[in-house]
Asker: 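I'd like to ask some things about the structure below.
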Amino acid sequence: MSGDKVFLEKAKDIADRLLPAWDTTSGIPYNSINLAHGRAHNFGWTNGDSILADSGTEQLEFIALSQRTGDPKYQLKAENVIRQLQKIYPSDGLLPIYINPQSGQASYSTITFGAMGDSFYEYLLKVWIQGNKTESVKHYRQMWETSMEGLISLTRQTTPSNYTYICEKSGGSLSHKMDELACFAPGMLALGASGYGPEKAKQIMNLAEELARTCYNFYQTTPTKLAGENYYFHAGQDMNVGTSWNILRPETVESLMYLWRLTGNKTYQDWGWDIFQAFEKNSRIASGYVGLRDVNSGEKDDKMQTFFLAETLKYLYLLFSPPSVVSFDEWVFNTEAHPLRIVPTHGSNGQSIETATPVVRPFGRKQGKQG
């Protein structure tokens, strides 16, 4: 965005230090590395396995880095992970959260659109968008559509209020639990809906809107109007807070921003304003914002997570900005709400430019609506 090469040099330096993490038999990376010495490993609590979301959430950044440096090695490392996962991809497109980095095989573990699974599915869609929806990235879209059928198979509705939610799965059994983290899914579905034919697109958009209603009510059903970390759904009851802290997460307002931009329905702005006011009332202190230890009592913690600035407030800002500000036609957001420019196309075959440096148009400090 700035055109300043210092940022590209720093990005390349960090990526070069990260690359030894991909030195595994399968090419699926270890999830932790010492940047000074290049020693990589996985955490003991995963029994040596790699985490699905960690391994499947570098593709946007590494592809962008290869485009800007002209060096394909970053893109090749990250895209090889997807090719390896494609070999073991199940018919429902739902992968467990633990993958063995040596064999490349999935380990018996939870299937979830919440913690440790979430952004893998998000990136399947977004790499397709980043690559301008061309033939070279078609397999990402195909994998994503398969996974969305899996997501649909995990959805259930509550009584009495018919809230739609996404279950977790272990083996053949469903757990009626949904993380607030999984509230990125309505925005993802809305963003991907237009890639379907008209009838399927409507079904996917309807599901996005129903899930967004549930996520908004994660906030509305607590005394503080702030959501807990996760919710449980019991027969005959709508939703119950599980883990009761709130650490200023962005996922629900992220989805509201996507839905407002893609439907034009101002209800999503109203819902976002309600959530912002709840943050103002419960989380604002003299030196910033803090999370809550308990959304029922309102007891505060003493931390402001960095993603509150990078994501939560940014998505709220965009929810009340013209859609031309960081337009979806030109930009795709990574999972931490950082915009990456969509690859331009060239030639009659519409193939992506794999290693070209995009034209940089720096943003002015006070830039508003673009003409």
Side-chain angles (χ1 to χ4, degrees), residues 31 43-46 51-54 57 96-98 109-122 151 154-158 161 163-170 173-187 211-256 271 274-276 278-279 281-285 289-308 310-312 315 335-336:
N31 294 151
F43 305 109
W45 53 266
T46 70
I51 296 167
L52 177 65
D54 286 15
T57 316
I97 56 175
Y98 294 140
S109 52
T110 302
I111 288 168
T112 179
F113 280 85
M116 300 192 285
D118 47 8
S119 49
F120 164 70
Y121 301 101
E122 175 188 357
L151 182 150
L154 296 179
T155 58
R156 297 291 185 273
Q157 284 193 318
T158 71
S161 300
Y163 291 124
T164 301
Y165 61 95
I166 307 169
C167 294
E168 297 183 351
K169 190 175 183 180
S170 293
S173 63
L174 291 183
S175 170
H176 294 266
K177 168 183 173 285
M178 182 174 169
D179 290 349
E180 197 281 337
L181 279 163
C183 286
F184 84 96
L211 288 168
R213 183 173 82 96
T214 300
C215 291
Y216 170 64
N217 279 282
F218 283 173
Y219 286 77
Q220 290 302 295
T221 52
T222 72
T224 56
K225 307 296 186 193
L226 289 176
E229 180 75 354
N230 51 52
Y231 284 77
Y232 287 88
F233 303 87
H234 306 300
Q237 301 177 34
D238 281 326
M239 57 183 70
N240 295 275
V241 176
T243 304
S244 62
W245 67 61
N246 179 292
I247 56 172
L248 311 172
R249 289 201 187 278
E251 285 76 19
T252 297
V253 293
E254 173 186 2
S255 284
L256 297 178
W271 290 359
D274 289 342
I275 292 170
F276 174 66
F279 282 131
K281 181 179 179 181
N282 295 282
S283 295
R284 184 152 196 171
I285 58 172
Y289 291 78
V290 293
L292 300 184
R293 289 191 172 92
D294 189 329
V295 296
N296 297 307
S297 69
E299 181 189 356
K300 292 177 172 60
D301 68 19
D302 58 358
K303 294 183 180 68
M304 184 171 78
Q305 307 286 341
T306 57
F307 54 69
F308 182 67
E311 299 184 70
T312 311
Y315 284 131
T335 195
E336 301 299 327

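As the structure is a computational prediction, the values presented were derived from the model and not from experiment. Start at 1 with the first residue, then count along the sequence.
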Asker: What pair of heavy atoms forms the shortest contact from Leu226 to Ala278, and how long is it?
Answerer: CD2-CB, 3.6 Å
Asker: If we ignore angles and hydrogens, is there a donor and acceptor under 3.5 Å between the side chains of Asn282 and Thr224?
Answerer: no
Asker: Kindly compute the distance separating CZ (Phe43) from CD1 (Ile51), expressed to the nearest 0.5 Å.
Answerer: 6.5 Å
Asker: Between the main-chain N or O of Ser173 and the side-chain N or O of Ser170, is there a donor-acceptor pair closer than 3.5 Å?
Answerer: no
Asker: Could you pull out all residues at least two apart from Tyr315 that satisfy ring-ring contact (aromatic ring centres under 6.0 Å, His included)?
Answerer: Phe333
Asker: So, Tyr289 versus Phe279, ring centres under 6.0 angstrom or not?
Answerer: no
Asker: Could you measure the distance from the CG atom of Leu154 to the NE2 atom of His176? Nearest 0.5 Å is fine.
Answerer: 10.5 Å
Asker: Output yes when a side-chain donor or acceptor of Ser161 lies under 3.5 Å from a complementary backbone atom of Tyr163, and no otherwise.
Answerer: no
Asker: Are Ser283 and Leu248 packed together at the side-chain level, in the sense that at least one heavy-atom pair is separated by less than 4.5 angstrom?
Answerer: yes
Asker: Test: salt bridge (Lys or Arg N to Asp or Glu O under 4.0 Å). Region: residues 235-252. Which pairs qualify, not counting sequence neighbours?
Answerer: Glu229-Arg249
Asker: Give, for atom CD of Gln220 and atom OG1 of Thr214, the distance between the pair rounded to the nearest 0.5 Å.
Answerer: 13.0 Å
Asker: With ring-ring contact (aromatic ring centres under 6.0 Å, His included) as the rule and sequence neighbours excluded, what pairs involving residues 220-252 come up?
Answerer: Tyr165-Phe233, Phe218-Tyr231
Asker: Is the side chain of Asn246 donor-acceptor paired with the backbone N or O of Leu292 at a distance under 3.5 Å, no angle test?
Answerer: no
Asker: Return the CG to SG distance between Asp118 and Cys183, rounded to the nearest 0.5 Å.
Answerer: 11.0 Å
Asker: Where the side chain of Ser297 meets the backbone of Glu299, is there a donor-acceptor pair that is under 3.5 Å apart?
Answerer: yes
Asker: Measuring from Asp301:CG to Arg293:CZ, what's the distance to the nearest 0.5 Å?
Answerer: 5.5 Å
Asker: Closest approach of Thr164 and Leu211, non-hydrogen atoms and distance?
Answerer: O-CD2, 3.5 Å
Asker: Are Glu168 and Thr110 close enough that a side-chain donor and a side-chain acceptor fall under 3.5 Å?
Answerer: no
Asker: With the side chain counted from C-beta on, respond yes when Pro186 and Glu254 share a heavy-atom pair under 4.5 Å apart, and no when they do not.
Answerer: no
Asker: Residues in side chain to side chain donor-acceptor pair (under 3.5 Å) with Thr312, at least two apart?
Answerer: none
Asker: Where the side chain of Glu180 meets the backbone of Thr252, is there a donor-acceptor pair that is under 3.5 Å apart?
Answerer: yes
Asker: Side-chain contact test, heavy atoms from C-beta onward, threshold under 4.5 Å: evaluate it for Lys300 versus Ile285 and give yes or no.
Answerer: yes
Asker: Got Met239 and Asn217 here, is their nearest side-chain heavy-atom distance under 4.5 Å?
Answerer: yes
Asker: How would you list, by chain and number, every residue that makes a side chain to side chain donor-acceptor pair (under 3.5 Å) with Thr335, sequence neighbours excluded?
Answerer: Glu122
Asker: If you define the side chain from C-beta out and look only at heavy atoms, does anything of Phe307 sit under 4.5 Å from Ile247?
Answerer: yes
Asker: Give a yes or no on whether the backbone of Gly187 and the side-chain of Ser255 come within a donor-acceptor separation of less than 3.5 Å.
Answerer: yes
Asker: What's the spacing between Ile111 CD1 and Leu174 CG if we round to 0.5 Å?
Answerer: 9.5 Å
Asker: Go through it in stages, so that I can follow the logic: the residues are Leu52 and Thr57, the test is side-chain contact (heavy atoms from CB on, under 4.5 Å), and I'd like the CA-CA distance, side-chain angles, deciding distance and then a yes or no.
Answerer: CA-CA 8 Å; Leu52 177 65; Thr57 316; over 6 Å; no
Asker: Test of understanding: with side chain to side chain donor-acceptor pair (under 3.5 Å), list the residues that count as partners of Asp274, not counting sequence neighbours.
Answerer: Tyr216
Asker: Taking all heavy atoms of Ile97 and all of Ala115, pick out the closest pair and write down the distance.
Answerer: CG2-O, 4.3 Å
